[in-house]
Amino acid sequence: MDILTQFVVIPLLTITGIILVKDTRQVKMVSAIGMGLQLIMAGILLFLYVSARRAGNSAEMLFVKDIVWFKSLNIHYTVGVDGISVAMICLTSLVVFAGIFASWEVDFLRKEFFVSLILLATGVFGFFISIDLFTMFLFYELAVIPMYLLIGIWGSGPKEYAAMKLTLMLMGASALILVGILGIYFNSAPAGGQLTFNILDISKVKIPMSAQYLFFPLTFVGFGVLGALFPFHTWSPDGHSSAPTAVSMLHAGVLMKLGGYGAFRVAIFLMPEAVKELSWIFIILTSVSVIYGAFGAIVQKDLKYINAYSSVSHCGLVLFAILMLNQTAMTGAIIQMISHGLMTALFFALIGMIYGRTHTRMINEMGGLMKVIPFLSVCYVIAGLASLGLPGFSGFVAEMTIFVGAFQHPEIFYRVVTVIAASSIVITAVYILRVVAILLLGPATNEHFDHFTDAKWFEKVSVITLICFIALIGLAPFWLSSMIGSSLQPIMNKILALNPF
Amino acid sequence: MNAGIPIQYFLILAAIMFFTGIYGFLTRRNLITILMSVELILNSVNINFLAFNRYLYPHKLDGMFFSLFIIAVAAAEAAVAISIIINIYRRFTTINVEDVDEMKY
Amino acid sequence: MSLGTFLELRQELLLIAAALLVLIAEIFSDADKKRNTGLLSIILLGIVTIAGFFPAPSGQLFGGMYLTTNVRLLMKNILNIGALLVFIQSVTWLKKEEHCEKASEYFLLLISTLIGMDFMISAGHFIMFYIGLELATIPIAALAAFDRYKNKSAEAGIKLILSSSLSSGILLYGLSLIYGTTGSLYFSEISALFANNNIQILGFIFFFTGMAFKISIVPFHLWTADVYEGSPVNITSYLSVISKGAAIFTLIIILFTVFPVIIGTWQKTIYVTSVLTMTIGNLFAIRQQNLKRFLAFSSISQAGYILLGFMSGNQMGMAAVIYYVLIYIFSNLGAFGVVTAISNATGKENMDDYNGLYHTNPKLSLIMMLSLFSLAGIPPVAGFFGKFFLFTVAAQQGYYLLVLIAVLNTIIALYYYLLVVKAMFINKSETPVEYFRSDFPTRFALGICIAGIVVTGFASIIFEVIRNLSFVI
Amino acid sequence: MINLGYTIWIPLLPFLMFLLLGLAGHKLKHKLSGLLGTGGLAIITVLSYITAYKYFFTSEKIDGAYQKITAFNITWLQFTDKLHIDLGVLLDPISVMMLIVITTVSFMVHIYSLGYMKGEKGFERYFAFLSLFSFSMLGLVLATNIFQMYIFWELVGVSSYLLIGFYYQKPSAVSASKKAFIVTRFADLGFLIGILLLSFNTKTFDFITLTDPTGTAIAQGSGIVFMGLSVMTWSMIFVFMGGIGKSAMFPFHIWLPDAMEGPTPVSALIHAATMVVAGVYLIARMFPIYTFSAPVALEVVAYVGAFSSLFAAIIACTQTDIKRVLAYSTISQIGYMLLALGVSGYGGYEGLGYMASMFHLFAHAMFKALLFLGAGAIIHAVHSNYMTDMGGLRKYLPVTHMTFLIACLTIAGIPPLSGFFSKDEILAAALHSNKLLFAVEYAVAGLTAFYMFRIYFSIFWGKETQYHETPHEAPPTMTIPLIVLAIGSALSGLIPFNELVTSDGKAFESEIELLVAIPSVLIGLLGIGIAYVMYRKETTIPEKLAATFKYSYKWAYNKFYMDELYLFVTKKIIFKHISEPVAWFDRHIVDGTMNAIAYVTQSVSFRIRGLQSGQLQKYAYVFFTGAILLAILFIYLWK
Amino acid sequence: MIANQIMFFLLSAMIIVFSILTVISRKILRAAIYLLFVLVSTSGLYFMLNYQFLAAVQLTVYAGGIVVLIIFSILLTSHISQRFEPAGLKKSMFSAIAALTGAILSIVTILDYKFEATAIAAKEVDMRLIGKSLLSVDYDGYVLPFEVISVLLLAAMVAAIAIAKKSGPAKTQSPTLKQE
């Protein structure tokens with residue numbers, strides 16, 4: 001079996017294992033082992049990828065495996081990775097791994113919980129390795145549905161409402177995507193010949209402009225919903241706030257990245273001409289997302305809402321950057337995805353842990369936690385600092401790459417919008433520091449808090465793993481950036497060749 | 001036998017009968033009269049078939065046979081319908097169609 | 001009659017033979033052994049089903065009155081499989097005291113409807129088609145009214161038989177007009193003589209409404225919900241999958257072979273009605289509490305999606321429709337199987353009764369969930385593939401707007417499917433359905449459904465086979 | 001070429017120390033962690049002095065000019081072929097000078113803190129943060145490119161945030177730290193935009209390329225005009241915005257006085273000697289671009305500096321919290337430096353302002369750190385920040401008293417202390433360039449002398465105050481740094497800056513301009529005299545004066561209501577009129593739309609239920625009319 | 001006006017009048033009788049069209065079978081003298097409009113079309129031909145439908161039995177009639 005398919009197979013085997021074990025206590029171990037293995041696999045993949053590139057393999061996608069599936073429609077099971085997918089796979093395995101540990105104390109229907117969680121992960125992994133639009137779409141939908149159960153069963157607050165809203169909005173998004181990919185499919189051979197779902201093959205032809213005008217907005221908005229594009233972001237705050245910890249982590253950390261990645265792989269990559277013509281509309285929307293999300297976060301009282309809005313803002317930046325059709329900005333977008341994935345997963349993990357102790361997420365009901373649970377609080381501060389783009393953490397690298405890249409755009413409109421988007425860094429600082437100040441600093445407000453215990457070992461595993469990687473990217477971004485950049489190079493060349501500015 | 005009568009006459013007659021049957025189906029309250037309306041409808045179709053057959057395609061017998069089978073089917077249908085109607089009467093003690101509406105919305 | 005003729009006709013002949021055997025068994029068996037006729041019917045139908053998979057020659061019999069091709073055979077096989085599943089699911093219900101003596105009638109009627117459907121599919125002549133249609137309808141009406149002591153059952157029966165007679169009246173009127181303008185009732189001759197004139201369109205529309213009635217296409221669907229609710233559960237599932245599937249098969253065959261000339265008209269017709277069907281079906285389904293009624297509306301909207309596959313007059317559309325019906329049979333029978341099992345065990349059919357079902361009957365809940373997801377078109381179950389191909393067909397013809405409407409409708413559909421999932425998995429209940437162990441037939445049938453739901457999608461070979469067979473309609 | 005590669009360890013060592021103390025500090029003994037931090041700093045102080053020696057006295061000069069040496073450089077993040085962030089060490093006169101300043105002051109502060117922070121909870125955290133700060137500050141001054149500078153610019157910001165909020169359980173400290181961070185962050189946005197503009201025009205971040213007077217970067221970009229100013233000017237103004245924020249110039253000065261909530265040694269290090277002069281350093285670093293490409297921006301620098309210095313000096317006269325007075329004094333002095341840069345030219349004597357600015361920076365670092373540390377010793381002794389609680393302390397704190405006096409004299413510009421020389425040269429430079437600014441600076445010089453001696457007299461002389469416990473002189477760990485710094489302040493005037501730190505690296509001749517110097521000394525003495533009269537003994541003059549200039553006093557006392565203005569902007573405008581409406585909009589309009597869709601679907605579903613009436617005939621009616629309508633539609637309407 | 005035209009119009013008038021009476025009569029038994037008249041008149045039309053066999057079938061099966069069945073069922077379920085409430089005005093109005101629209105639509109469409117008689121000579125429809133066609137397996141032979149309809153009739157019979165058959169102990173006693 002090829003290495004990429006294993007990313008789907010290992011979770012499935014893990015699920016089987018979970019179903020088979022009798023003792024519910026072993027469920028956790030099985031999941032942890034499975035996802036640990038997955039993490040190791042991701043590491044191996046990264047290594048293999050980098051060494052293959054070093055060895056001079058300049059194919060656009062590596063480890064390509066192509067199996068004809070539905071022959072008559074030319075649907076293939078095609079997997080392959082470039083630097084971007086490798087990065088996303090690593091991110092996913094990290095977040096899932098951390099998520100398993102963050103949900104160590106789930107008791108209610110434990111087996112089902114971990115099965116759903118890993119099923120969700122399967123969908124995400126499958127999505128990232130696919131280079132066939134059909135399988136990509138299949139895995140996308142696969143990832144959405146476990147979400148419903150996870151939020152609906154193990155969530156809190158108005159969980160049923162939130163779960164339903166989230167699912168329906170995401171499926172609505174997938175409706176647009178479906179129409180989009182069908183449109184792409186039927187225009188994938190304008191000069192006659194075999195229609196195809198293969199992204200690489202489609203990218204070699206020019207989809208007729210009339211089709212692009214129709215299908216670019218559809219696919220972009222479709223994936224944009226998942227990427228929390230204004231005004232379709234509203235599933236995100238409610239969904240996050242009701243979801244259990246690990247689900248929030250996975251959701252904000254990984255699932256929202258499907259949006260950015262998909263928009264990049266499908267909407268932008270396949271229809272660059274339309275991007276050039278229509279990007280201004282979406283640039284406006286995304287920059288609204290960026291600013292709006294940040295402002296929205298300022299006045300929220302629920303920790304998860306704050307982070308949900310912050311995710312809107314950060315993910316808006318991803319979509320913003322990929323629309324720039326500029327290698328640097330796109331590199332930044334990919335790094336931002338990874339960075340945001342890690343940061344927000346960390347945030348949600350911490351919020352979950354804090355909630356597990358205080359049983360509230362309202363910041364004004366808490367205070368002075370730094371004194372009682374220093375470890376978690378310090379981690380929260382670190383997450384906050386990373387989120388506001390402090391150098392040394394991944395957020396800075398991502399944001400700066402985006403801003404510098406976007407600012408190289410030859411048209412003044414795009415540069416002005418870049419400046420507007422850049423101003424979000426200040427607003428981000430405002431809401432992050434507000435939370436830190438109210439939640440962690442100051443005198444302890446509640447006597448009950450005094451007997452809290454600090455993080456347990458599994459919580460530490462979860463949190464430290466994430467922090468390490470955030471810092472790793474922040475301190476040594478060059479390898480990631482060059483890996484992604486070199487993967488983007490051929491794509492950009494192709495786009496620019498088709499579409500010279 | 002039918003000289004001087006254009007085919008349209010038959011067709012119009014059938015149409016009138018057909019839509020009278022429809023009207024009956026839509027307005028009669030008694031299940032049995034509704035069934036009778038159905039018979040009107042089927043009868044009108046038969047007239048159509050036969051008229052077409054005789055006027056336009058007299059060398060074949062499709063229309064006639066179709067009518068024949070329609071009559072047979074109508075009989076079977078009527079039998080089953082009537083047995084159900086009787087059952088309805090036992091259950092509801094009425095065969096007023098408007099009262100047979102336990103299930104709705 | 002040569003052996004070849006027999007082989008071509010074997011589906012129908014075997015079914016007739018089966019019907020007669022059941023009848024004889026009924027007549028000559030003791031009163032206390034009558035329930036064995038159920039077993040006999042299942043075995044007989046099983047034999048027929050298996051026999052259907054042996055290759056058979058294509059061709060026409062009775063001067064073109066009866067046509068058989070591989071794809072028609074496949075359709076019959078699919079219906080047989082579905083019918084067999086319904087048969088198996090019925091066993092538990094028929095064991096009840098008030099039904100056990102009528103078991104052989106039950107099976108006899110079902111087999112005769114199956115005969116009707118097979119003739120309908122194989123028809124090469126409108127008389128054959130009409131008789132098949134009625135044979136597939138009239139016994140069903142009796143079965144709907146089967147439960148003699150329930151008002152709702154009688155009501156369902158009368159609603160079905162009267163509606164269907166009205167619809168067949170209109171259909172016949174349409175056929176008479178078509179006959180009047182073409183002079184033939186043979187499919188092959190009509191298609192050649194068809195011109196796009198008003199009277200023929202009128203005839204076509206009337207014909208279409210008759211079929212639309214069988215498929216429950218809006219606005220010809222109104223009988224559906226009431227009949228589904230009132231009928232015994234197994235009859236409901238039979239109606240919703242087998243009857244509907246047969247009608248869909250027949251309609252697509254007739255549209256593709258008899259009316260290719262007016263493809264523009266029927267595409268428009270189907271465009272309008274499919275949008276209506278999906279939307280209205282979904283809007284009604286949202287509010288349903290009774291699960292049978294709920295599944296009735298869901299099956300209406302499913303019919304709307306299936307219509308998308310009609311939009312292209314080519315074999316791809318044909319294949320997509322057949323494939324979807326196959327999946328739909330498995331999915332819907334899965335869902336109905338669970339409803340049946342619970343209804344048999346507890347008599348509960350309302351959504352509230354399903355609250356907390358997962359905690360008492362996890363397996364049934366999971367089957368229900370998978371079936372509903374398949375109906376909703378969620379991967380990895382087969383419904384996803386089926387829907388995708390249907391949409392592909394419509395998109396191929398450039399009907400992107402229609403596809404978009406359809407996909408948006410699947411969201412509404414997903415909403416109400418999730419309501420059931422929510423009831424089973426999320427809601428809490430003071431008085432949940434007690435744990436019970438279903439008997440073997442139920443489990444067997446559900447197992448097959450689940451296997452079908454899972455395998456049909458991933459095993460692309462199934463779709464490819466269907467598609468290759470679809471070249472000759 | 002001399003080998004200076006080891007200089008990379010100068011910033012790295014504190015970073016390692018930070019990691020060590022941050023990750024494992026809570027497991028170490030307090031004393032050990034303090035000593036570790038201090039020891040690390042001792043090493044890099046020595047390294048810095050060696051580097052300074054090597055650079056100034058052994059490095060090769062070309063054309064008599066000091067060269068910019070890139071001692072170390074790696075590419076950290078590649079954006080495009082030309083644009084990349086490097087991390088490295090750039091040595092040139094100003095960065096080497098800053099090395100000396102930072103390591104010296106930091107080292108002193110470390111030693112001082114060992115005594116000052118003794119027994120505090122979070123001792124090791126404190127030293128970890130200090131190490132982080134040292135790392136960041138050193139990285140900032142040694143930056144080889146503007147983006148590296150921005151990175152460390154942010155990092156010093158966050159270290160400052162962490163240190164201001166060191167007493168995290170004290171609400172005032174928490175809000176002060178938050179304020180400091182956000183205000184500077186806002187300014188940094190300007191810096192970032194400036195960088196973006198600059199890089200867009202010049203396609204480089206590299207300082208050497210950027211500041212080469214004959215290079216392409218300076219030649220480029222000045223042509224494009226936007227709103228009357230060249231793009232280069234705009235970008236330099238934006239870059240300067242970052243400087244305003246960090247250096248607490250008007251209107252971003254408001255965070256600095258509040259920042260005094262942090263431990264006093266922190267104020268000495270960060271908010272007096274090093275971080276706050278980063279703005280000055282930034283302008284000095286970019287100076288060739290300012291003079292050649294963006295003279296207008298340089299003028300802006302001058303005016304902002306002049307205004308801030310005057311403005312802060314006035315406020316300083318009215319404050320009673322000694323740390324706040326010192327904070328305003330810092331603002332005022334930094335205004336001086338910026339003014340000096342703003343009026344400077346490039347090369348030779350033209351660059352007098354530049355040299356003066358750096359000179360003043362150096363001197364200021366010494367004496368202001370000394371003042372703060374002295375203030376710390378005082379606060380340590382009397383447990384209060386307010387001079388109303390103090391008086392007559394000269395008896396109790398002799399060492400502190402003497403060193404404080406030296407510092408006050410230095411800042412007042414009394415010869416032969418260092419402040420005299422540096423201030424004199426600033427004034428001279430201003431005189432040659434802009435008479436108005438020159439006049440302002442004279443006034444500020446007087447005010448400075450006045451307010452410094454105001455606190456000096458209030459603390460050490462003034463009324464005899466009764467203390468709960470008799471104040472004690474600080475321990476040697478605290479007094480030794482005072483003495484060292486006092487010596488530094490006194491003697492640093494002797495360093496020949498005109499030979500070492502000049503705008504083009506070449507030495508030039510400069511001498512005391514008596515015409516400028518004598519009046520300035522006199523003005524200083526005048527200020528001291530007034531303060532002597534008013535505060536030497538307990539008098540009512542201050543109250544009377546305050547009553548006379550009631551409104552202006554009140555305005556000045558309330559810092560011209562700048563804080564209130566900021567509060568208004570943040571609470572009223574951002575929170576009330578932007579964020580809350582946004583949140584409301586999101587809940588009700590955006591979310592509401594989604595809910596409305598669901599609601600409409602539901603209610604449509606309810607409305608049309610009549611269709612399914614249960615009436616067979618109604619069904620048939622719909623059936624029939626449906627058929628008829630379809631027929632009409634497809635026969636007559638849409639064929 | 002020749003005899004057959006008179007005949008035709010007479011039969012047509014009867015059919016139309018009695019059809020209408022069938023659907024509006026307020027007495028159910030009368031309605032059934034009117035229906036009988038309609039069916040008989042129709043068979044007259046069949047005679048006119050020279051389809052004697054079918055006319056005979058019409059008379060026996062329809063008039064003799066179905067109508068009798070209907071009358072029986074009427075007797076089982078209604079009082080003979082029972083008068084119906086007339087259909088509601090709204091209902092009649094709407095139904096009439098719909099039916100009229102449909103009728104107009106159909107008639108207009110039918111009249112729109114030019115029917116052209118075939119030139120091929122008509123076949124003499126005698127019993128032999130009918131019998132042959134009915135049992136022929138070739139083109140224009142109807143043996144298959146003929147066979148299948150026997151299944152249909154069997155099924156209908158079984159269906160009627162299945163509905164009527166009592167099975168097991170009744171849970172609820174049927175409220176009125178005791179049949180069988």
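Computed over heavy atoms, backbone and side chain alike; hydrogens, waters and symmetry mates excluded. To find a chain, count down the sequence lines: A is the first, B the second, and so on, and within it residues start at 1.
- The most heavy-atom pairs under 4.5 Å with chain C, out of Ala175(A), Ser72(A), Ser174(A), Ala163(A), come from Ser72(A).
- Between chain A and the options Pro380(C), Ala459(C), Pro379(C), the largest number of non-hydrogen pairs under 4.5 Å is found for Pro379(C).
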task: For side chain to side chain contact (heavy atoms under 4.5 Å, CB included), just list the numbers for Tyr148(A) and Lys422(C), CA-CA rounded to whole Å, side-chain angles, deciding distance to a tenth of an Å, and then say yes or no.
output: CA-CA 9 Å; Tyr148(A) 177 78; Lys422(C) 182 181 134 202; 3.3 Å; yes
From CA spacing to verdict: side chain to side chain contact (heavy atoms under 4.5 Å, CB included), Phe186(A), Thr392(C): CA-CA 9 Å; Phe186(A) 285 111; Thr392(C) 310; 3.5 Å; yes
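- When each of Phe388(C), Phe458(C), Phe391(C), Phe373(C) is scored by its heavy-atom pairs under 4.5 Å with chain A, the top score falls to Phe388(C).
- Neither the backbone nor the side chain of Tyr77(A) comes within less than 4.5 Å of any heavy atom in chain C.
- With rounding to the nearest 0.5 Å, the separation of CG in Leu418(C) from CD1 in Ile145(A) is 5.5 Å.
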Derivation of the side chain to side chain contact (heavy atoms under 4.5 Å, CB included) call for Val179(A) and Leu401(C): CA-CA 9 Å; Val179(A) 178; Leu401(C) 182 62; over 6 Å; no
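- If you measure heavy-atom distances from Leu178(A) to chain C, the contacts under 4.5 Å come from the side chain alone.
- At least one side-chain heavy atom of Leu73(A) sits under 4.5 Å from a side-chain heavy atom of Phe463(C).
- For Asn427(C), the part lying under 4.5 angstrom from a heavy atom of chain A is the side chain only.
- The stretch residues 125-141 of chain A places Phe134(A), Phe137(A), Leu138(A), Glu141(A) near chain C, each with some heavy atom under 4.5 Å from a heavy atom of that chain.
- At a cut-off of 3.5 Å, with distance as the only test, no side-chain donor of Tyr185(A) or Gln396(C) sits close to an acceptor on the other residue.
- Contact annotation for Phe384(C): only side-chain heavy atoms (C-beta onward) come within less than 4.5 Å of a heavy atom of chain A.
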Candidate pair Ile426(C) and Lys159(A), rule side chain to side chain contact (heavy atoms under 4.5 Å, CB included), full reasoning: CA-CA 10 Å; Ile426(C) 300 175; Lys159(A) 55 184 185 177; 4.2 Å; yes
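- When heavy atoms are compared at a cutoff of 4.5 Å, Met164(A) approaches chain C solely by way of its side chain, counted from C-beta outward.
- Contact of Leu419(C) with chain A is made through backbone and side chain together, with heavy-atom distances under 4.5 Å.
- For chain C, the nearby part of Leu149(A) is the side chain; its heavy atoms alone come within less than 4.5 Å.
- Interatomic distance, CD of Glu112(A) versus OH of Tyr358(C), reported as 3.0 Å (0.5 Å rounding).
- Under the 4.5 Å side-chain criterion, counting only non-hydrogen atoms from C-beta, Met171(A) is not in contact with Val407(C).
- A distance of 6.5 Å separates CG in Leu408(C) from CG in Leu176(A), rounded to the nearest 0.5 Å.
- Below 4.5 Å, heavy atoms of chain C meet no heavy atom from residues 115-122 of chain A.
- More than 12 heavy atoms of other residues, nucleotides or ligands lie within 6.0 Å of NZ in Lys428(C), so this atom counts as buried by the packing criterion.
- Each of Ile153(A), Ile75(A), Val68(A), Leu218(A) has some count of heavy-atom pairs under 4.5 Å with chain C, and the biggest count is that of Ile153(A).
- In this structure, Trp69(A) has its ring center closer than 6.0 angstrom to the ring center of Phe385(C).
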